[in-house]
Engineer: 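One structure is given below, represented as structure tokens, and several questions about it will come after.
By convention in this document, chain letters (A, B, ...) are assigned in the order of the sequence lines, proteins followed by strands, and residues within each chain are numbered from 1. The structure displayed is predicted, hence computed values, not measured ones.
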Amino acid sequence: GQSLEQPSEVTAVEGAIVQINCTYQTSGFYGLSWYQQHDGGAPTFLSYNALDGLEETGRFSSFLSRSDSYGYLLLQELQMKDSASYFCALPSNSGYALNFGKGTSLLVTP
Amino acid sequence: DTAVSQTPKYLVTQMGNDKSIKCEQNLGHDTMYWYKQDSKKFLKIMFSYNNKELIINETVPNRFSPKSPDKAHLNLHINSLELGDSAVYFCASSHPGNEKLFFGSGTQLSVL
């Protein structure tokens, strides 16, 4: 089977940098994705890492270390609108679904 | 144009009733999904269809029956609703095997 572990809650101050970690276990690895979900909203795709290293998209970056079965999402210059839940996800063994972690609730305070 | 649209947005019903949720995507994707999100925000895959064929059925009670009349539509019918079915149900679509899923806005189901 697969498992994904991420912290349940993180709090950070506006303008700061925050890192949300995700550790995973899977028999075959096909990439780690990150999604954002605001309260009452739908999950939206943020980033995807298939290979080791850092992928940058504006204020958000995602890192992957396949040897450590570990990844993180880095949010810089935090804004109040970044308060949301963030999910890491792995493709299922069939490749026809994503299995999500339990999500990290990020609260950005003034 | 909404990429993935699902209706209704809210569904309040009594235990034992039967209800349906409809989903349509205009993205030209071959793969569609139903996810259930519980009160703790855990997103769990229920079904996955590719080109109208069922690929994944994740230990979902057989009271839940998906139907895909064509590649752009994936509906969910639920029989004999139970209290534990209360959740937000999300439809999503993607290209086959692609990690970028596009989600609908969700259907908040409340079973009383």
Engineer: Please classify the contact between B/T31 and chain A as side chain, backbone, both or neither, with a heavy-atom cut-off of under 4.5 Å.
Structural biologist: side chain

Engineer: Who among B/V4, B/I55, B/V88 has the most heavy-atom pairs with chain A under 4.5 Å?
Structural biologist: B/I55

Engineer: Given that the side chain runs from C-beta out, which part of B/F102 has a heavy atom under 4.5 Å from chain A: side chain, backbone, both or neither?
Structural biologist: neither

Engineer: Strictly by modelled atom types, are A/T23 and A/E5 linked by a side-chain donor-acceptor pair under 3.5 Å?
Structural biologist: no

Engineer: Give, as side chain, backbone, both or neither, the part of A/S92 having an atom under 4.5 angstrom from any heavy atom of chain B.
Structural biologist: side chain

Engineer: Can you measure from CD1 (A/I20) to CG (A/L106) and round to the nearest 0.5 angstrom?
Structural biologist: 5.0 Å

Engineer: Show the nearest heavy-atom pair for residues B/R63 and B/S80, with the distance to one decimal.
Structural biologist: NH1-O, 3.2 Å

Engineer: Side chain, backbone, both or neither: which part of B/I45 has a heavy atom under 4.5 Å from chain A?
Structural biologist: side chain

Engineer: Would the A/Y24 and A/F29 ring centres measure less than 6.0 Å apart?
Structural biologist: yes

Engineer: If hydrophobic clusters are built from ILVMFWY residues whose side chains come within less than 4.5 Å, do A/F45 and A/L32 share one?
Structural biologist: no

Engineer: Looking at A/P43, A/A42, A/G41, A/G103, which one has more heavy-atom pairs under 4.5 Å with chain B than the rest?
Structural biologist: A/P43

Engineer: Is A/Y35 in contact with chain B via its backbone, its side chain, both, or neither, using a 4.5 Å heavy-atom distance?
Structural biologist: side chain

Engineer: Hey, are A/D39 and B/K41 close enough for a salt bridge, meaning a charged N less than 4.0 Å from a carboxylate O?
Structural biologist: yes

Engineer: Pick one: which of B/Y33, B/F42, B/Y35 meets ring pair (Phe, Tyr, Trp, His ring centres under 6.0 Å) with A/F100?
Structural biologist: B/Y35

Engineer: So what's closer than 4.5 Å to chain A heavy atoms on B/I56: side chain, backbone, both or neither?
Structural biologist: side chain

Engineer: Could you tell me which portion of B/Q108 (side chain, backbone, both or neither) has an atom closer than 4.5 angstrom to a non-hydrogen atom of chain A?
Structural biologist: neither

